[in-house]
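What follows is one structure encoded as C-alpha cells, with my remarks underneath.
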Amino acid sequence: MNKCLVCSASLEPFIDFGCMPLGNGFLRPEQFGDEYHFPMKVAFCAACGMVQLLHQPDRERMFHEHYAFFSGTSRYMALHFKAFADHVMADYLPDNDPFVVEMGSNDGIMLRNFAAVDIRHLGIDPSKNVAQVAIDKGIDTVTEFFDVELARRIVLEHGQADAFLAANVMCHIPYIHSIVEGIGILLKPGGVVMFEDPYLGDVMEKSSYDQLYDEHTFLFSVTSISNLFDRYGMEVIDVEPQVTHGGSMRYVIAHRGARSVSPNVARQRQREHDQGLQLPESYDRFRRNCEESRDKLMALLRSLKAQGKRVVGYGATSKSTTITNYCGITPDLVEFISDTTPIKQGTFSPGAHIPVRPDEEFGRKYPDYALLFAWNHAKEIMENEKAFRASGGKWIVYVPQVAILD
Ligand code: SAH
Ligand code: TMP
Ligand code: ZN
C-alpha cells in the first residue's frame, strides 16, 4: 500500500502514466539500450491535500554533474528572479548584516542579485556543473543536497538565516520532512521562508499534466503547504501568485506567531476549496482531460503528417518528456526539437528519442509548424522567433487547449 509522503495516509493513484524516463535524461544513441525508466503514478491525499508521485528515482540519478537544466537560459526568468530578490531586500531583510540562503540555486540566477550588493548569501545545489557557473561568478555555493543535517552545519558555520529562498526545487524533494525540519532550524526567529513552485490550481485548471515528471514529486497548494509547515511550528503568512512556469505560487512562511498573517492566505484557501481541489472527483476529471488532450494532439500531429507538413518541437524541456512519452510522439511526427542549451544539443530526447538540435537549425529552414514544448516561455520565444511566423510558420500549443495559433 502506498503512503502519503507527508502524513502517511493510504493513497490510490488517480492517473498512471506508465513507465517514464527521466525528464532531463537527454541521451546519446549508445545509451538507448539501458535507458532508465520508473513507474509514474500520481495520487491525491484526501487527508492533507498533497498531490504526489508514488515513486521517484533516487536523487543522485537526477541531480549530478551533468544536470541539463541551466536557469539562465531564459532572459525573462532572469528578470523574474531580479524582481524576487529586490522584493526580499525591500520588504523582508533587516538592515544589519542580513544572511540569505537559497536551496536549488543552480547557476546563481537569483543569488547574483544579492552578491551584487554584497549581501551575505549561501547557495546550495548538488548539481556540480550548474553550481560551478554560480561559483565562477563569485556566488558562495555548497554543492550538496540540502537536508536537516546540512541545515545544522550551516547554522554552526554561518549562523541562522534571515531569509530562506527556493524556486522550483521544494516540489522536487520526497524527503520533504528533513527539508522543512532543516528550515525550522536554519531560520532566525524573525526570519522568512519564500519559495515558489508550479501551482496545483493552475495545473488542474489548464490540464497542464506535463508539470508531472520525475523531478516534480509534489504539486503544492496553499492548503497542503499550510498542513506541512504546521507540523514544524511554521505558518504561511502570505501567498503571491506568479505567472512563471505556466502558473506558480510563491509562499511566504515564518515561525508561527512571529509575523502577521495576510488575508491573502485565507482568500486563496477559499479559492482552492471553490475550485474543488479537496475533492477526489476533481482528479478523475483531470485525468479525463489529460486523455482528451493527448488524443487531440496526436490526431493533429498525424493529420499534419498525412498532409506532408514538417513539424519541429521548440524547447527540449523536462516537461516535454511527459508529453512525448505519454502521447507517443515519435521522430516521424516531430522531426527534431530546437533548444538553446549547449549540453542538450546533439542528444536525443528521453524515451521518445527525438533529436535535439541548436536553435540555428530551426532558423535555417523553417518548418510548417512548431510544437511549443516550452509553452511557459511563450512570450519570450515568440518575440525571439517573429521571423518564423512572418515566414508563414504556425505555432502549435497544447496548454490550456490543443490549438494552432493564427
Ligand atoms: N532555482 C532554479 C533552479 C531550479 S531546478 C530555478 O528556478 O530556475 C532545481 C535545482 O534544485 C537543480 O539545480 C537541482 O540540482 C537542485 N536541487 C535538487 N535537490 C536539491 C536539494 N536537496 N538541495 C538543494 N538543491 C537541490
Ligand atoms: P523550462 O521550461 O524547464 O524552463 O525549460 C525551457 C527549455 O527551453 C530550456 O531547455 C531552454 C529552452 N529555451 C529555448 O530553446 N529557447 C528560448 O528562447 C527559451 C526561453 C528557452
Ligand atoms: Zn497526506
Side-chain angles (χ1 to χ4, degrees), residues 3-11 23-24 26 43-52 59-60 62-65 67-78 80-81 84 101-111 123-131 134 141-147 150 165-176 178-179 182 195-198 210-211 213 215-217 224 227-228 244-246 248 313-320 337-345 356-359 362 372-385:
K3 296 219 176 296
C4 173
L5 289 166
V6 173
C7 77
S8 300
S10 297
L11 298 181
N24 271 315
F26 296 91
F44 160 69
C45 178
C48 75
M50 193 63 87
V51 171
Q52 56 200 279
R59 61 189 193 177
E60 288 79 9
M62 296 182 283
F63 308 114
H64 41 60
E65 68 278 18
Y67 189 57
F69 178 70
F70 289 70
S71 303
T73 44
S74 164
R75 209 164 19 92
Y76 272 56
M77 289 310 291
H80 169 77
F81 286 120
F84 190 159
V101 174
E102 188 192 1
M103 172 172 76
S105 46
N106 200 276
D107 57 12
I109 193 166
M110 167 114 79
L111 281 184
I124 305 160
D125 203 301
S127 294
K128 292 208 164 74
N129 60 332
V130 295
T141 308
V142 281
T143 54
E144 289 182 57
F145 287 95
F146 182 77
D147 58 12
L150 182 59
L165 311 179
N168 307 304
V169 58
M170 193 72 84
C171 74
H172 290 42
I173 307 185
Y175 43 99
I176 193 79
S178 176
I179 300 296
F195 67 91
E196 58 190 37
D197 287 284
D210 56 348
Q211 290 293 0
Y213 58 96
E215 293 180 20
H216 286 185
T217 313
S224 62
N227 287 334
L228 170 60
T244 47
H245 294 307
S248 295
Y314 203 101
T317 59
S318 39
K319 292 185 291 297
S320 66
I337 307 174
S338 165
D339 198 287
T340 53
T341 316
I343 196 175
K344 293 182 184 174
Q345 296 164 355
V356 181
R357 307 238 168 91
D359 45 321
F362 180 73
L372 186 57
F373 286 130
W375 56 271
N376 46 314
H377 299 291
K379 192 161 176 273
E380 180 171 358
I381 289 171
M382 288 184 190
E383 272 170 25
N384 291 345
E385 297 289 0

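Note that ligands are numbered from 1 as they come in the structure, with each ligand's atoms numbered from 1 the same way. The structure displayed is predicted, hence computed values, not measured ones.
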Is there a side-chain contact between His172 and Arg59 in this structure, where contact means two heavy atoms from C-beta onward sitting under 4.5 Å apart? no
Distance, nearest 0.5 Å, that separates OG of Ser320 from CD1 of Ile337: 5.0 Å
Which of the numbered atoms in ligand 2 are below 4.0 angstrom from a heavy atom of Thr317? 2 (O), 5 (O), 6 (C), 7 (C)
Taking Asn129 for the side chain and Tyr67 for the main chain, is one N or O donor matched with an acceptor at less than 3.5 Å? yes
Does the side chain of Arg75 come within less than 4.5 Å of Asn384's, by heavy atoms? yes
Are Val130 and Phe69 side-chain neighbours, meaning at least one heavy-atom pair lies under 4.5 Å? no
Do any nitrogen or oxygen atoms of Tyr314 come within less than 3.5 Å of a nitrogen or oxygen of ligand 2? no
Show which atoms of ligand 2 fall inside a sub-4.0 Å distance from at least one heavy-atom site of Lys344. 9 (C), 10 (O)
Just how far is it from atom OG of Ser248 to atom CG of Asn168, taken to the nearest 0.5 Å? 6.0 Å
Closest approach of Met103 and Val169, non-hydrogen atoms and distance? O-CG1, 3.3 Å
Minimum side-chain heavy-atom gap Glu65-Ser127 below 4.5 Å: no
Do the non-hydrogen side-chain atoms of Ile176 and Met170 ever get within less than 4.5 Å of each other? yes
Using a strict 4.0 Å cut-off to heavy atoms of Asn384, name the atoms of ligand 2 that fall inside it. 18 (O)
Thr341, any N or O under 3.5 Å of ligand 2 N or O: yes
Report for the Zn ion (ligand 3), protein N, O or S closer than 2.8 Å, by chain and number, lists Cys4 SG, Cys7 SG, Cys45 SG, Cys48 SG
Exercise: identify the closest heavy-atom pair between Val101 and Ile124: CG1-CD1, 3.6 Å
List in chain and number order the residues that pass side chain to side chain donor-acceptor pair (under 3.5 Å) with Asp107, two or more places apart in sequence or in another chain; answer none if no residue qualifies. none
Hits for salt bridge (Lys or Arg N to Asp or Glu O under 4.0 Å) against Glu144, two or more places apart or cross-chain, chain-then-number order -> Arg153
For His377, atoms of ligand 2 separated by under 4.0 Å from a heavy atom: 1 (P), 2 (O), 4 (O), 6 (C), 20 (C)
Note down each nitrogen or oxygen pair, ligand 1 side and protein side, whose separation is under 3.5 Å; give only atom names and the distance to 0.1 Å.
{"unit_1": "ligand 1", "atom_1": "1 (N)", "unit_2": "Gly104", "atom_2": "O", "d": "2.8"}
{"unit_1": "ligand 1", "atom_1": "1 (N)", "unit_2": "Ala167", "atom_2": "O", "d": "2.9"}
{"unit_1": "ligand 1", "atom_1": "7 (O)", "unit_2": "Ala167", "atom_2": "O", "d": "3.3"}
{"unit_1": "ligand 1", "atom_1": "7 (O)", "unit_2": "Asn168", "atom_2": "ND2", "d": "2.9"}
{"unit_1": "ligand 1", "atom_1": "8 (O)", "unit_2": "Ser71", "atom_2": "OG", "d": "2.7"}
{"unit_1": "ligand 1", "atom_1": "13 (O)", "unit_2": "Asn106", "atom_2": "ND2", "d": "3.1"}
{"unit_1": "ligand 1", "atom_1": "13 (O)", "unit_2": "Asp125", "atom_2": "OD1", "d": "3.2"}
{"unit_1": "ligand 1", "atom_1": "13 (O)", "unit_2": "Asp125", "atom_2": "OD2", "d": "2.7"}
{"unit_1": "ligand 1", "atom_1": "15 (O)", "unit_2": "Asp125", "atom_2": "OD1", "d": "2.6"}
{"unit_1": "ligand 1", "atom_1": "15 (O)", "unit_2": "Ser127", "atom_2": "OG", "d": "2.7"}
{"unit_1": "ligand 1", "atom_1": "22 (N)", "unit_2": "Phe146", "atom_2": "N", "d": "3.4"}
{"unit_1": "ligand 1", "atom_1": "22 (N)", "unit_2": "Phe146", "atom_2": "O", "d": "3.4"}
{"unit_1": "ligand 1", "atom_1": "22 (N)", "unit_2": "Tyr175", "atom_2": "OH", "d": "2.9"}
{"unit_1": "ligand 1", "atom_1": "23 (N)", "unit_2": "Phe146", "atom_2": "N", "d": "2.9"}
{"unit_1": "ligand 1", "atom_1": "25 (N)", "unit_2": "Gly104", "atom_2": "N", "d": "3.3"}

Taking non-hydrogen atoms only, is Met77 closer than 4.0 angstrom to ligand 2 via side chain, backbone, both or neither? neither
Between the side chain of Lys344 and the main-chain N/O of Asp339, is any donor-acceptor distance below 3.5 Å? no
Please report the closest heavy-atom contact between Ser178 and Asp147, naming both atoms and the distance. OG-CB, 3.2 Å
Proximal ligand 2 atoms for Gly315, defined as those under 4.0 Å from one of its heavy atoms: 8 (O)
Which heavy-atom pair separates Tyr213 from Asp210 by the least distance, and what is that distance? CD2-O, 3.4 Å
Does Cys45 reach the side chain of Val6, with side-chain heavy atoms less than 4.5 Å apart? no
Can you confirm whether the side chains of Glu215 and Ser318 place a donor and an acceptor under 3.5 Å from each other? no
Does the N or O separation between Glu380 and ligand 2 drop below 3.5 Å for any pair? no
for atom 17 (C) of ligand 2, nearest protein heavy atom and its distance come out as Ile381 CG1, 3.7 Å
Numbered atoms and elements of ligand 2 in range of Phe69, under 4.0 angstrom, heavy atoms: 1 (P), 3 (O), 4 (O), 5 (O)
How long is the straight-line distance from CZ of Arg357 back to CZ of Phe362, given to the nearest 0.5 Å? 13.5 Å
Give yes or no for whether the N/O distance cutoff of 3.5 Å, strictly under, is met between Ser318 and ligand 2. no
Give yes if a backbone or side-chain nitrogen or oxygen of His245 is under 3.5 Å from a nitrogen or oxygen of ligand 2, and no if not. no
What is the nearest protein non-hydrogen atom to atom 2 (O) of ligand 2, stated with its residue, atom name and distance? Lys319 NZ, 2.7 Å
Checking a contact table here: which protein heavy atom is nearest atom 14 (C) of ligand 2, and how many Å away? Thr340 OG1, 3.4 Å
Using distance alone, decide if ligand 2 has a nitrogen or oxygen within less than 3.5 Å of any nitrogen or oxygen in Asn376. yes
Specify the protein heavy atom at minimum distance from atom 8 (O) of ligand 2: its residue, its atom name, and the distance to 0.1 Å. Asp339 OD2, 3.5 Å
